[in-house]
Every structure is written in C-alpha cells, then in structure tokens.
Student: 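Could you have a look at this structure, given as structure tokens, before my questions?
To find a chain, count down the sequence lines: A is the first, B the second, and so on, and within it residues start at 1. Worth saying up front: this structure is predicted, and the values here are computed from it rather than measured. Just so you know, these numbers use all the heavy atoms, side chains as well, and skip hydrogens, waters and symmetry mates.
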There are 2 protein chains.
Amino acid sequence: MNIGEIATRSGLPAKTIRYYESIGLITPLRDTNSYRTFRQQDLHKLTFIGRARALGFSIEDCRNLLALYEDQNRSSADVKSIAHNHLAKIEQKIADLVDMQGTLTRLISACAGDNRPDCPILDSLDIQSR
Amino acid sequence: MNIGEIATRSGLPAKTIRYYESIGLITPLRDTNSYRTFRQQDLHKLTFIGRARALGFSIEDCRNLLALYEDQNRSSADVKSIAHNHLAKIEQKIADLVDMQGTLTRLISACAGDNRPDCPILDSLDIQSR
DNA sequence: ACTTGACCTTCCTGTTGGTGGAACCCTTAG
DNA sequence: CTAAGGGTTCCACCAACAGGAAGGTCAAGT
C-alpha cells in the first residue's frame, strides 16, 4: 500500500500520516523507489490513532495507548488510568467553556445589537464598570 | 509605569504584555533607557484584553473589540455579532467535548481496571471490534 | 566608588498537531 | 514523448504564548 491508499483507508490525510511517521508513531517500510510501503498493521495502527484522536487523546496519550495495545501483558488499569486522566481534562474544559457560555449568553441578551454605541458587552470588559 | 508594575496591575505576565506589543495590540512609550513606559490607557487596554481572553475571545477578536471599544460611533450590533460568533464556536466545542465525555465515561466504566489485559477501551479503538 | 540584586532589554527556541507550498522524482497511459 | 497523477523532502506557518540566555540599568547599602 502506498500512502495515498492508506490515507483513503484510514481516513487520515497523507500529510498527517507522514507527520506521524516523523514523530515515530508508525514506521512504514520503504520501497526501492523510496516510496513508503504500508502493511496491514500500519493501517491498523493509524485507524487506532485516528479513533483515539477523535476521542481527544493527545499524541503522547496515543503513543502510550498504542504501546499498551501491543503489550499482551498490559494491565487494563494502565489503560483506564490514561483514559481517566483524559476524561478529567475534558470535564475541566467543559466546565470552563460552560462558564464562558453563561457569561456570554447573558451579555449578548443584554445587548441591544442596534446602531447605537451603548453596549453591555464592552461595558463588562471595561475596567470602569467594575 | 514599568512593565513589572503594569503586569501586577493588569494580572498579565510581562511576557504576554511584550507579546501583545509585538503584535500591535498596545503601543507603550519608551523611556530614554529603552524601558517601556505604560500609561493609564495601556493598563485600561490590557485589562480589557485580559477579560476578553478570559471569555475565550481570540486575539483577533480582541483586536476588533478594542477597535469598537475606542470607536465612539460604533454600533452595538457589531460587538454583538462578534460575541455571537464566538458563542457559537464555544457551543460547538462544548458539544464535541460532551460527546467525548459520554463515550469515555461509558468505556471507562466498562473497563475493569485491574491487572488483566482485557480492556474495552482498547477494543473500541481497535479496528477489529467494528 | 563598588557591589549586589532586582529590574529591564532583545533574541532564539519550543510548545501542539498538524497544513500548505515549492521543487523535484517516479510511473504509466495515450 | 509527454502529460497526469502519484510519490519524495524540506521549509514555513498557525495560536498564543513560555522559558531561557546574554546583557544593560537602577537603586540601595557598605
């Protein structure tokens, strides 16, 4: 398999796949013409990474998850731990964003949104108003 | 005011303030010794930017909000529009994160988290399982 | 006058996870 | 023979800073 085909099959852009190779996530073989040659296991890994990334895992998390994935002697506790830490970060992000959402929603609904300059949104950002 | 003092007063790191100058958000004066000299209006702007950033606005949004803030002939509709677009992005992010949260929560609770290798988290990332 | 320490300066690098483009090579069909 | 559509490397860029090196400046204490 050349990079174009594996890109289609894995759903990842060829650029991304080259990048993943450059950071050592995958190690495709090379043909005599210097083209990358991907095996089934590479497709496997790339699909795995694509799914993990879709769940928001960082590249470093993906690297660790891949290592566990390939380690038949792994403990599921290690996987769970990575996932748990990741979930905690996501929940923190959600909390932060929901805070912003609340404030913005309030400000937006208080703003007339017409051609006059008065604006509670700007007021709340201005030091004067506090 | 030197950079240290305005950093304390604005709550922003000196590094960040220098960065904001480098991208043209603020334009402090310079003393003869080449030290930056900040006026009250600079503190004002930095505080404004800090609050906008805390609401998740991008630097470019901040730039536009600052311009509107200083434009006495602004229309509040323009401010509201920026805020509205930003809110939409935040809500999209929340939705994405909540999706991840749901999937992760399900997977984590299905994972034993013991010293055995079997792991539904890895299974769900593996192509085999679909 | 000298030193010490706390400021300040610029410049360069690294972060995360890629994307875009240039310049060039390889292969195959018409 | 040439053109299209692969592939290759390398370099630059994005956001929004943070860290650190190397050096200039200032104020206080001795």
Side-chain angles (χ1 to χ4, degrees), chain A residues 1-38 42 45-46 48-66 82 85-86 89-90 92-93 96-97 100, chain B residues 1-38 42 45-46 48-66 82 85-86 89-90 92-93 96-97 100:
Chain A
M1 255 187 293
N2 282 347
I3 201 166
E5 192 181 344
I6 204 171
T8 305
R9 290 212 204 177
S10 67
L12 297 172
K15 279 261 166 176
T16 299
I17 296 173
R18 290 197 193 96
Y19 171 68
Y20 287 166
E21 183 192 9
S22 81
I23 61 171
L25 274 189
I26 52 167
T27 313
L29 305 174
R30 293 292 180 138
D31 205 345
T32 50
N33 56 10
S34 85
Y35 283 20
R36 288 170 183 83
T37 300
F38 296 87
D42 296 316
K45 276 195 185 184
L46 287 172
F48 183 100
I49 297 167
R51 295 221 176 101
R53 295 285 299 138
L55 283 177
F57 284 104
S58 71
I59 292 287
E60 276 318 294
D61 279 347
C62 290
R63 199 188 295 280
N64 294 326
L65 288 171
L66 264 181
I82 292 175
N85 286 339
H86 177 48
K89 284 181 194 159
I90 283 182
Q92 182 59 57
K93 277 189 197 170
D96 292 346
L97 288 170
M100 294 177 192
Chain B
M1 255 186 294
N2 281 347
I3 201 167
E5 193 182 343
I6 205 172
T8 305
R9 291 212 203 176
S10 67
L12 296 172
K15 279 261 165 177
T16 299
I17 296 173
R18 290 196 193 96
Y19 171 67
Y20 287 167
E21 183 192 8
S22 81
I23 60 171
L25 274 188
I26 52 168
T27 314
L29 304 175
R30 293 293 180 136
D31 205 344
T32 51
N33 56 11
S34 84
Y35 282 20
R36 289 170 182 82
T37 299
F38 296 87
D42 296 316
K45 276 194 183 185
L46 287 172
F48 183 100
I49 297 168
R51 295 220 177 103
R53 295 285 300 136
L55 284 177
F57 284 104
S58 70
I59 294 286
E60 277 318 294
D61 280 346
C62 289
R63 197 187 298 279
N64 294 325
L65 287 172
L66 265 182
I82 293 175
N85 287 339
H86 178 48
K89 284 182 194 158
I90 284 183
Q92 182 60 58
K93 278 189 195 169
D96 292 347
L97 288 170
M100 294 177 191

Student: Can you measure B/Met1 atom CE to C/dC8 atom C1' for me and round it to whole angstrom units?
Tutor: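 Checked: the CE to C1' distance equals 16 Å.
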Student: Could you state the interatomic distance from CG (B/Asn64) to CZ (B/Phe57), rounded to the nearest 0.5 Å?
Tutor: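 Answer for the CG-CZ pair, B/Asn64 versus B/Phe57, is 10.5 Å.
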Student: So, OP1 or OP2 of D/dG24: does either fall under 4.0 Å of a side-chain N or O from B/Asn33?
Tutor: no
Student: Quick one: which of A/Ile6, A/Thr8, A/Thr37, A/Asp42 gives a side-chain contact (heavy atoms from CB on, under 4.5 Å) with A/Met1?
Tutor: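 Single pass found, and it is A/Ile6.
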Student: I need the CG-P distance between B/Asp31 and D/dT25, as an integer number of Å.
Tutor: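 That distance rounds to 12 Å.
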Student: Side-chain N or O of A/Arg63 less than 4.0 angstrom from OP1 or OP2 on C/dG17?
Tutor: no
Student: Strictly below 4.0 Å: does B/Ser34 bring a side-chain N or O up to OP1 or OP2 of D/dT25?
Tutor: no
Student: Look up atom NZ in B/Lys89 and atom CE in A/Met100, then write down how far apart they are to the nearest 0.5 Å.
Tutor: 13.5 Å
Student: Examine D/dA15: is either OP1 or OP2 under 4.0 Å from a nitrogen or oxygen in the side chain of B/Arg53? Give yes or no.
Tutor: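 It does not, given that no N or O in the side chain of B/Arg53 lies less than 4.0 Å from OP1 or OP2 of D/dA15.
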Student: Name the nucleic acid region contacted by A/Phe57, choosing base, sugar-phosphate or nothing; use a 4.0 angstrom heavy-atom cut-off, strictly under.
Tutor: nothing
Student: Can you say whether a donor on the side chain of B/Tyr35 sits under 3.5 Å from an acceptor on the base of D/dG24, or the other way round?
Tutor: yes
Student: Distance check needed: C/dC8 C1' versus B/Arg30 CZ, whole Å only.
Tutor: 10 Å
Student: When only distance counts, do a donor and an acceptor, one from the side chain of A/Lys15 and one from the base of C/dG17, lie under 3.5 Å apart?
Tutor: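 By the distance-only test, no, there is no pair.
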Student: Is the phosphate of D/dG7, meaning OP1 or OP2, less than 4.0 Å from a side-chain N or O of A/Arg36?
Tutor: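 No, because none of the side-chain N or O atoms of A/Arg36 sits under 4.0 Å from OP1 or OP2 of D/dG7.
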Student: Just the rounded figure in Å: distance from P of D/dC17 to CD of B/Glu60.
Tutor: 12 Å
Student: Any luck finding a side-chain donor-acceptor pair between B/Gln92 and B/Asp96 under 3.5 Å?
Tutor: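 Checked: B/Gln92/B/Asp96 side chains pair up, N/O donor to acceptor below 3.5 Å.
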Student: Could you state the OH-P distance from A/Tyr19 to D/dC14, rounded to the nearest angstrom?
Tutor: 18 Å
Student: OP1, OP2 of D/dC10 versus side-chain N and O of A/Arg18: anything below 4.0 Å?
Tutor: no
Student: Rounded to the nearest Å, what distance is computed from the CG atom of residue B/Leu46 to the P atom of nucleotide D/dC17?
Tutor: 11 Å
Student: Give one of base, sugar-phosphate or nothing for B/Ile3, where a contact means two heavy atoms less than 4.0 Å apart.
Tutor: sugar-phosphate
Student: Can you check whether B/Tyr20 has a side-chain N or O nearer than 4.0 Å to OP1 or OP2 of D/dC17?
Tutor: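 Yes, such a contact exists.
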Student: How many Å lie between CG on B/Asn2 and P on C/dC8, as a whole number?
Tutor: 6 Å
Student: Stepwise, does the salt bridge (Lys or Arg N to Asp or Glu O under 4.0 Å) test hold for A/Arg30 with A/Glu21?
Tutor: CA-CA 12 Å; A/Arg30 293 292 180 138; A/Glu21 183 192 9; 3.3 Å; yes
Student: Phosphate oxygens OP1/OP2 of C/dT16: is one of them under 4.0 Å from a side-chain N or O of A/Ser58?
Tutor: no
Student: To the nearest Å, give me how far apart CD1 (B/Ile17) and C1' (C/dC7) are.
Tutor: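 Interatomic distance, CD1 of B/Ile17 to C1' of C/dC7: 14 Å.
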